[in-house]
Student: 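Next up is a structure, given as C-alpha cells.
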Protein chains: 2
Amino acid sequence: MATGRTHRPATRSRGIPEATVARLPLYLRALTALSERSVPTVSSEELAAAAGVNSAKLRKDFSYLGSYGTRGVGYDVEYLVYQISRELGLTQDWPVVIVGIGNLGAALANYGGFASRGFRVAALIDADPAMAGKPVAGIAVQHTDELEQIITDNGVSIGVIATPAGAAQQVCERLVAAGVTSILNFAPTVLTVPDGVDVRKVDLSIELQILAFHEQRKAGEETPESGPPAPVARTTAAAADRKGPDGDVPAVMPA
Amino acid sequence: MATGRTHRPATRSRGIPEATVARLPLYLRALTALSERSVPTVSSEELAAAAGVNSAKLRKDFSYLGSYGTRGVGYDVEYLVYQISRELGLTQDWPVVIVGIGNLGAALANYGGFASRGFRVAALIDADPAMAGKPVAGIAVQHTDELEQIITDNGVSIGVIATPAGAAQQVCERLVAAGVTSILNFAPTVLTVPDGVDVRKVDLSIELQILAFHEQRKAGEETPESGPPAPVARTTAAAADRKGPDGDVPAVMPA
DNA sequence: CCATCTTTGTGCACGCGTTCACAAAGACAT
DNA sequence: ATGTCTTTGTGAACGCGTGCACAAAGATGG
C-alpha cells in the first residue's frame with residue numbers, strides 16, 4: 001500500500017544531505033551571476049547573503065562537497081561554479097519530455113530556464129489528437145501513442161507531467177514503464193511510483209493555501225473580533241458551509 | 001489588545017508546526033474527493049494512504065487541530081473538511097493579483113485550481129502597455145501603473161509574481177508597499193522583503209536540478225547488479241520539502 | 001452490563017538539519 | 001621569517017520532525 005515516502009538516508013556513497021542538495025542550485029545561481037560580473041572570489045558571508053541563507057549553513061554545505069575554499073580569502077567563483085555544476089549533474093545533457101500541453105505545459109515549454117542548464121526539451125506530448133503536429137515553442141507536439149517510443153529513442157530519464165489531475169497517474173505509470181526514473185509533477189495529485197523513482201511535486205494550489213494560513217494568522221492577531229465559529233456539535237453532518245463543488249475536483253484516484 | 005498572540009496553549013496551542021500546515025492542503029484534497037463520493041467516515045490509515053503519508057503522522061497532524069476523530073470508527077469526512085478549510089482560512093475570500101502576464105502568468109490565470117478554493121483573481125497586471133485591456137482568462141489585463149490602486153481597492157493581501165527575474169524585486173517592493181503581505185514567487189530570484197511578509201518560491205529550474213542530481217547518482221551507482229530486491233512495496237511520492245519563509249532574504253541577480 | 005474489537009491520540013526515542021563558536025589555515029605586511 | 005589578520009571548516013548543542021508502539025476510548029455484540 002502507499003505509505004509515506006521515506007527518504008532513505010541517501011546511499012552510503014557520498015552522503016550529501018537532501019537539504020544541502022536543495023540549496024546547491026541556489027548557490028549556483030548566485031555564483032553564476034558573480035561569474036558574469038567577473039568577480040574572482042567571494043566570501044561565504046557575501047555568497048550567503050546573495051543566496052539568502054546563513055553563512056555557517058553555506059560553509060557546512062560546501063564542506064560536504066569538499067574543501068574548495070581558501071581561508072582568509074574565500075571561494076574561487078569559477079571553480080565553485082564548475083564543482084557544483086558537476087555535482088548536480090549539469091555538465092551532461094538531460095533530455096526531458098513534457099506531457100500535457102495545456103496552458104501550463106505550453107508555458108513550461110517556453111520557459112527559458114529549461115534549456116539554460118543542460119536540460120533539453122526532447123518532446124512535447126499531448127493526448128489530444130488535435131494538438132498533434134501543432135508547434136509549441138518551436139517543437140511539434142506529438143501524440144501520447146508515441147510516448148514509449150519517444151522515451152526510448154531519446155533516452156529520456158526525466159519527465160514533466162502537466163496534465164489534468166485525472167490523467168496524471170496513468171501518464172506517470174507509462175513514463176516509468178518506458179524508463180523514466182525522475183518525475184516533476186505539476187498535476188494536483190499524489191503520484192504512486194515504484195521504488196527507485198523520484199518524484200518532485202509543484203502544486204500552486206497548495207502553496208496558496210499555505211500562504212492563506214499564514215495570512216489568516218496575521219490578520220487574526222490584530223483583529224480580536226470577527227466572531228469565531230465555535231466548534232460545536234459533530235457526528236451529525238456538521239457545517240459544510242462551504243458551498244457546492246466547483247470545477248476543480250482534485251481526484252486522488254485515477255478515475 | 002484583547003487577543004494577543006501566544007497567550008494560551010491551554011485550549012489549543014496556536015503553534016501548528018509548519019510541516020503540518022504544509023500537509024493540510026494534501027489532506028483537504030483527499031477528503032474533498034471522499035466527500036464527493038459521499039463517503040461518511042474515513043480511518044487514518046485510509047486517508048493517509050490517499051494523501052501519501054504515514055498514518056501516524058496524519059494522526060499527529062490532526063491532533064494539533066484538536067480531537068476530531070472517533071476511536072474505533074475514524075474521522076467524519078464532512079466535519080474534517082470544514083475544520084481544515086477553516087484552519088487554512090479557506091472559508092473566506094482571498095483576492096489575488098498576478099503580476100507578469102507572460103506564458104506562465106497566463107497559464108496561472110487560466111488555472112482552475114485558483115478560483116476553486118476561496119482564491120479569486122482580482123486582477124492581472126503587466127508592464128507591457130500593449131497587453132493592457134487584452135483579455136486573459138476572461139479578465140482584462142491592467143497596466144503596472146495601476147498596481148497600487150488595484151491592491152488598495154480590492155484589499156489584496158496575496159500577490160503572485162510571474163515576471164522575468166530582473167523585474168521581480170521591484171514588483172515585490174511595490175506590492176509590499178501597497179499592502180501585500182504574502183507573495184508567491186515564480187521568478188528565479190531571491191526576493192528581499194521586510195519582516196512580516198511571507199514569501200513562497202516556486203522554481204522550476206531548481207526542481208529540475210535536484211532531480212538531475214538524484215538521476216546522476218542513480219546512474220553512477222547502477223553497478224551492483226543482481227537487480228533491486230524487487231520490492232512489491234510502492235512508495236508514494238510526496239517529496240518537495242518546502243521550508244517556511246521568514247522574512248530575511250537578500251536578493252541576487254538572476255541567472 | 002460485560003467482553004471484545006477497532007482505531008485514535010500520544011509519550012518517547014531517534015535522526016536530520018541548523019546554528020554557534022572557535023581553532024586551524026592560509027594570506028599579507030613588515 | 002614571523003606576526004597579525006581574515007575567513008574557512010567543523011565539533012557540539014539544540015530543536016524540529018518522524019515513526020514506533022501502546023494505552024485509552026469508544027463501538028459493537030452477546
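Naming: A, B, ... by sequence-line order, numbering from 1 per chain.
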Student: Using a 3.5 Å distance criterion without hydrogens, assess whether the side chain of Gln169(A) forms a donor-acceptor pair with backbone atoms of Thr192(A).
Tutor: yes
Student: Tell me the interatomic distance from Asp61(B), atom CG, to dC16(D), atom P, rounded to whole angstroms.
Tutor: 16 Å
Student: Assess the pair Phe62(B) and Tyr68(B): is the distance between their ring centroids shorter than 6.0 Å?
Tutor: no
Student: Of all the nucleotides listed (dG26(C), dT8(D), dC20(D)), which has the minimum atom distance to the side chain of Thr70(A)?
Tutor: dG26(C)
Student: Hey, does Leu24(B) have a side-chain heavy atom less than 4.5 Å from the side chain of Leu65(B)?
Tutor: yes
Student: Would you say Asn54(B) reaches dG17(D)'s phosphate, i.e. side-chain N/O to OP1/OP2 under 4.0 Å?
Tutor: no
Student: Using a cut-off of 4.0 Å on non-hydrogen atoms, how would the nucleic acid contact of Phe62(A) be classed: base, sugar-phosphate, or nothing?
Tutor: nothing
Student: Find the distance Ile16(B):CD1 to dG17(D):C1' and express it as a whole number of Å.
Tutor: 15 Å
Student: Expressed as a whole number of angstroms, how long is the span from Leu65(B):CG to dT10(C):P?
Tutor: 12 Å
Student: Tell me whether the side-chain N/O atoms of Tyr68(A) come closer than 4.0 Å to OP1 or OP2 in dT7(D).
Tutor: no
Student: Out of dA24(C), dT19(C), dC20(D), which nucleotide sits closest to the side chain of Arg71(A)?
Tutor: dA24(C)
Student: Given dT8(C), dG17(C), dG17(D), identify the nucleotide with an atom nearest to the side chain of Ala19(B).
Tutor: dG17(D)
Student: When rounded to the nearest 0.5 angstrom, what distance separates OG in Ser182(A) from CD in Glu207(B)?
Tutor: 12.0 Å
Student: Taking the nucleotide of DNA chain C with the closest heavy atom to each, which residue, Ser43(B) or Gly72(A), is nearer the 5' end?
Tutor: Ser43(B)
Student: Closest nucleotide of DNA chain D for Ser67(A) versus for Thr20(B): which of these residues is on the 5' side?
Tutor: Ser67(A)
Student: Evaluate Arg29(B) against Val190(A) for side chain to side chain contact (heavy atoms under 4.5 Å, CB included), listing each step before the verdict.
Tutor: CA-CA 10 Å; Arg29(B) 183 176 291 158; Val190(A) 176; over 6 Å; no
Student: Rounded to whole angstroms, how far apart are OH on Tyr64(A) and C1' on dT10(D)?
Tutor: 10 Å
Student: Please report the interatomic distance CD(Glu18(A)) to CZ(Phe213(B)), rounded to the nearest 0.5 Å.
Tutor: 7.5 Å
Student: Do the side-chain N or O atoms of Arg23(A) get closer than 4.0 angstrom to the phosphate oxygens (OP1, OP2) of dT18(C)?
Tutor: yes
Student: Whole angstrom is fine here: how far is it from CG in Leu58(A) over to P in dT8(D)?
Tutor: 9 Å
Student: Atom CG of Leu80(A) to atom C1' of dT8(D): distance rounded to whole Å?
Tutor: 13 Å
Student: Rounded to the Å, how far apart are Glu45(A) CD and dT6(D) P?
Tutor: 14 Å
Student: Nearest whole angstrom, please: distance from the P of dT7(C) to the CG of Asp76(B).
Tutor: 16 Å
Student: Measuring from the side chain of Lys57(B) (C-beta onward, heavy atoms only), which nucleotide among dG26(C), dT8(D), dG19(D) has the closest atom?
Tutor: dG19(D)
Student: Quick check: any donor-acceptor pair below 3.5 Å linking the side-chain of Lys60(A) to the base of dT18(C)?
Tutor: no
Student: Can you identify which nucleotide, out of dT8(D), dA21(D), dC20(C), has its nearest atom closest to the Arg59(B) side chain?
Tutor: dA21(D)
Student: Taking only side-chain N and O atoms of Ser44(B), does any of them lie within less than 4.0 angstrom of OP1 or OP2 on dT7(C)?
Tutor: no
